[in-house]
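To keep things clear, I will list the structure first and then write my remarks on it.
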2 protein chains.
Amino acid sequence: MTWTLVQLWNGGVTTRMPVAERRAQLVEAALSIAAAEGVRAVTVRRVAERAGVALGVVHYCFADKDELLGALATRIVDDLTGAAADAALEPGDGPDLRAALEVAVLGAWALIEKTAGEQLLTYEITTHALRTPGLRGVAERQYAASQAAAERLLGLAAEASGASWQRPLADLAAEALAFVDGVTLRWLADGDGPAARARLSSFAGYLATQAAVPDRPPRRRRKAAP
Amino acid sequence: MTWTLVQLWNGGVTTRMPVAERRAQLVEAALSIAAAEGVRAVTVRRVAERAGVALGVVHYCFADKDELLGALATRIVDDLTGAAADAALEPGDGPDLRAALEVAVLGAWALIEKTAGEQLLTYEITTHALRTPGLRGVAERQYAASQAAAERLLGLAAEASGASWQRPLADLAAEALAFVDGVTLRWLADGDGPAARARLSSFAGYLATQAAVPDRPPRRRRKAAP
DNA sequence: GTCTATAGTTGGATAGAC
DNA sequence: GTCTATCCAACTATAGAC
């Protein structure tokens, strides 16, 4: 057997660790592998190797591989939701709804474009979950989180320009989400960033037609806390 | 070794077959497995078993598993493109562009809704191809075919109602494709057909605002902001 | 040219050591 | 409670028979 770097660092002796901490470490290892090489590359063996622990440790922490992948999916959802929340903190300001929406949508896109591997990974997790009986519910949770983030973003954009949506926010958020999803997937396939941005910009224009801007002056948002 | 049904049918003797025909048979077997259980379930062994041939036959017909999956991807693209072409043959008729678009889009959707397994499979193939160096180009070809089908459908819908698009058809088709892709993926996850149709109907309304009808001015949802 | 039999690798899971 | 050593099932690929 060859020693991993972590084990060598610990003097050749594997450190014992409470199971909760170990699980987090293993999920982290799984994430780094999956983002770089896809879910297919996430094997129990490679996760153990990456984390610097013996093979069986993974099976001690997770009942089976599916449970590990479920934990990985949760981790990703939290990740993206958190990032989206950060993006929602800085929506476009000013009286022009169309401009505010463009800033919001393209801001979200900037985040997506920086994390191509993770984005591709979310699609992989979705399809994998839909094919795996033990992972029922993962895809639903993914969309529930994204939907909430989209609603928050659209709500803030409208608020910033004093506009009000003429249709249920949930419907508009769902449509925006679908569009961004489709644009992202195609971008992953053809790598055409400018085309993707143009499509998103066009969609922002459509969204702007779904709100009414009253004559009273827009309410300006408070600046985000430091 | 256990005999497969096909081998028993042939009297226990495996029939010899020209390689081209064999390849088609194997791709067919791979498709039936993939549509039902996902790409993950497509192994060289199972394809051979499903086709009723020995394991090595697959490796005789295809250099390696990637080549088999590439052939499978091509088969799927042809399949869907052909189906889309059939759908495009019956676009909505009449002077109302919005209605024609709704018929066209919901017609395409009816096709999608009937083939959930195949639809999920296309997303799996896309992500799989994007992660597999040997399958570079598969995802691009997938989108090229879909794009062409979408352009054809939108072109016919406009033609049927005597309208003309005010923006490049390629751009509109790409946007429609992205939207349908996103809606489909979410539908696969949550199974909410009515919600999906409502989103598509809404998008048809947006598309209708992107064309001009010669006899009458294009219908605008709202007055543009000053 | 077509197919069979077999090799060699990698995977998920577990019994039991510490 | 935490981890090690081991098992065996399933996979891809090939050498060579017919």
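Atom set for the values below is all heavy atoms of this structure, side chains included, hydrogens, waters and symmetry mates excluded. Per chain, numbering begins at 1; letters A, B, ... match sequence-line order.
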salt_bridge([X], [Y]) N-O dist < 4.0 Å:
X      : Y      : answer
A/R197 : A/E102 : no
B/E37  : B/R46  : yes
B/R23  : B/E28  : no

Touch class at under 4.0 angstrom, heavy-atom based, for B/V57 against every strand present: base
From B/T132, B/L130, B/I125, residue fulfilling side-chain contact (heavy atoms from CB on, under 4.5 Å) relative to B/H128: B/T132
Using whole Å, what does the distance between atom [atom2] of nucleotide [N] and atom [atom1] of [X] come to?
X     : N      : atom1 : atom2 : answer
A/E49 : C/dG12 : CD    : C1'   : 16 Å
B/F62 : D/dA13 : CZ    : P     : 13 Å
A/K65 : D/dA9  : NZ    : P     : 19 Å
B/L69 : D/dT12 : CG    : C1'   : 12 Å
B/M17 : C/dC3  : CE    : P     : 7 Å
B/E21 : C/dC3  : CD    : P     : 10 Å
A/R46 : C/dG12 : CZ    : C1'   : 16 Å
A/R23 : D/dT2  : CZ    : C1'   : 15 Å

When you get a sec, tell me which of [options] is the closest nucleotide to the side chain of [X]?
X     : options                : value
A/R45 : D/dC11, C/dG11, D/dA13 : C/dG11
A/V19 : D/dT2, C/dC3, C/dA13   : D/dT2
B/T43 : C/dG12, D/dC3, D/dT12  : D/dT12
A/R16 : C/dC3, D/dT2, C/dT4    : D/dT2
B/L55 : C/dG12, C/dA13, C/dT6  : C/dT6

Aromatic plane relationship, B/F203 with B/F179 - under 30° parallel, 30 to 60° tilted, over 60° perpendicular: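 Parallel: the ring planes of B/F179 and B/F203 meet at under 30°.
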5'-most by nearest nucleotide on DNA chain C - B/P18 or A/D66: B/P18
C/dA13 OP1/OP2 closer than 4.0 Å to side-chain N/O of A/H59: yes
Phosphate OP1/OP2 of D/dC3: any A/Y60 side-chain N/O under 4.0 Å: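 So the side chain of A/Y60 is outside the cut-off, no N or O lying under 4.0 Å from OP1 or OP2 of D/dC3.
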Donor/acceptor link under 3.5 angstrom from B/R22 side chain onto base of C/dT2: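 No, the side chain and the base share no sub-3.5 Å donor-acceptor pair.
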